[in-house]
Amino acid sequence: MNAPDMLLSVIVPCYNEERVLEATYSRIRSVLDSKSINWELIFINDGSTDRSPQILDDLASRDPKVFILHFSRNFGHQPAVSAGLHECKGSYAIILDADLQDPPECIPEMLQLAQEQKAEVIYGVRRQRAGESLFKKLSAKLYYRTIHSLSEVPLPLDTGDFRLISRRVIDEFCALREKNKYIRGLISWVGFKQLPFAYDRDSRYAGNSHYSLSKMIGFATRGITYFSKKPLLMATNLGLFCVLVGLGLVVYVFVSKYYFHQVVSGWASLLITIVFFGGIQLLSIGLLGQYLGSIFDEVKDRPEYIIHRKINFREIDQKENSV
Ligand code: UDP
Ligand code: MG
């Protein structure tokens, strides 16, 4: 399975991961070396403020197969993965979290599956999620099901960014010009033969999750608004429904006044109606705002990330680069 010219790029985004980096490096290395897989390891330091940059530089000085991209600040998980995909040279790339939640031991099997089945993408599907709170598990389940039903491209359930992708797909991905990338969605969007690989997600090796609730909500809304226009249609339908209810109420008021001579009473019901329909209007305007915001971000045409330093990348070493 391991042709001598086959190179596997392992892409690891890191943000304040000083407690795991050494372990991540040695575990990836021992798995790949034991299977005689030719590899390169690209760590993206996403503006860490702990000792991660020094630890990474030290790893790179000990091992020329380790490459580091230091961002100028914290740009986020998705830009970090995107930078890794742009810089990697492998015939295949695998995206792996630094915290060892996605076990590197799965990589050889995923590679074998891709080669045997001639698949361009092998995506990890989480059977179990160890060490994560009930809230995270439930919100993730709900989110994956919502986006699955709304999305205009098929987005597999319970699938994160842990996936093996071929050079063909890497090149297609790198040619995409949108800036706010929702990577798992875009890789599904690219198409070709994509196969699932079931695995159990471990708990974090050390440290805490860097996805705060607000980051999670931001990520989730981006996923939905970038991959589906259905919420806009839902807002329109809801508006239409409200108009019909409103017309029904008008008819009701007239009928009760002129046929049954009832005095209109009940401020409470009036207030509830106003608040309810006001809420729906604000919700729909907010939804429009999300899409408008995405368009605003894209038209500004700013780079996805800025690289401050590159380590071990031969040609352009030490230069300051922006992409
Ligand atoms: N990460 C990153 N930039 C960020 C947040 C996270 O590069 O702004 C990295 C982080 O170091 C880890 C991966 O993205 O390797 C996944 O993050 P985390 O484990 O915190 O998220 P969770 O697994 O809890 O969803
Ligand atoms: Mg994690």
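As the structure lists them, so they are numbered: ligands from 1, and atoms in each ligand from 1.
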Is K89 close enough and on-axis enough to F67, meaning under 6.0 Å and within 45°, for cation-pi? yes

When rounded to the nearest 0.5 Å, the distance separating CG of L288 from CG of L292 is 8.0 Å

### Message
Is it true that, when you exclude F192 itself, more than 12 heavy atoms of the residues, nucleotides or ligands shown sit nearer than 6.0 Å to its CZ?
### Response
yes

closest protein heavy atom to atom 24 (O) of ligand 1 is S209 OG, 2.6 Å

If you scan protein heavy atoms around atom 18 (P) of ligand 1, the nearest is R204 NH2, 3.6 Å

Short version for I44: what comes under 4.0 Å of ligand 1, heavy atoms counted, is neither

Cationic N near anionic O, under 4.0 Å, E87 to K310:
yes

When distances are taken from atom 25 (O) of ligand 1, the protein heavy atom at minimum range is K136 NZ, 3.0 Å

Atom name of the N, O or S atom of D99 nearest to the Mg ion (ligand 2) is OD2

Parallel, tilted or perpendicular, as decided by the 30° and 60° cut-offs, for the rings of Y199 and F162
perpendicular

min-distance protein heavy atom vs atom 9 (C) of ligand 1 -> P13 O, 3.7 Å

A98 heavy atoms within 4.0 Å reach ligand 1 at atoms 15 (O)

When rounded to the nearest 0.5 Å, the distance separating CD1 of I28 from NZ of K65 is 12.5 Å

min-distance protein heavy atom vs atom 3 (N) of ligand 1 -> D46 OD2, 2.6 Å

**Prompt:** In this structure, are over 12 heavy atoms from other groups packed under 6.0 Å from Y291 atom OH?
**Reply:** yes

re atom 20 (O) of ligand 1, the protein heavy-atom contact at minimum distance is H210 N, 2.5 Å

Ligand 1 to D99, heavy atom cutoff 4.0 Å, flagged ligand atoms 19 (O), 23 (O)

Ligand 1 to N74, heavy atom cutoff 4.0 Å, flagged ligand atoms 3 (N), 4 (C), 8 (O)

Any heavy atom of R201 under 4.0 Å from ligand 1? The part involved is side chain

Inset, instruction - Specify whether Y305 and F71 have parallel, tilted or perpendicular ring planes, treating 30° as the upper limit for parallel and 60° as the lower limit for perpendicular. - result: parallel

#### Entry: Donor-acceptor pair, side chain of H86 and main chain of S82, under 3.5 angstrom
yes

Near K215 (heavy-atom distance under 4.0 Å), the atoms of ligand 1 are 4 (C), 5 (C), 8 (O)

shortest atom 12 (C) of ligand 1-to-protein heavy-atom contact is with E17 OE2, 3.4 Å

Donor-acceptor under 3.5 Å (R167 side chain, G90 main chain) = yes

Atom 1 (N) of ligand 1 has as its nearest protein heavy atom Y15 CB, 3.8 Å

Would Y182 and F227 count as a ring-ring contact (aromatic ring centres under 6.0 Å, His included) if you check the C-alpha gap in whole Å, the side-chain angles of each, and the deciding distance to 0.1 Å?
-> CA-CA 9 Å; Y182 181 66; F227 274 86; 5.7 Å; yes

Under 2.8 Å: N/O/S of S209 next to the Mg ion (ligand 2) | no

Candidates H77, M216, Q78, Q101; heavy atom nearest atom 23 (O) of ligand 1 found on Q101

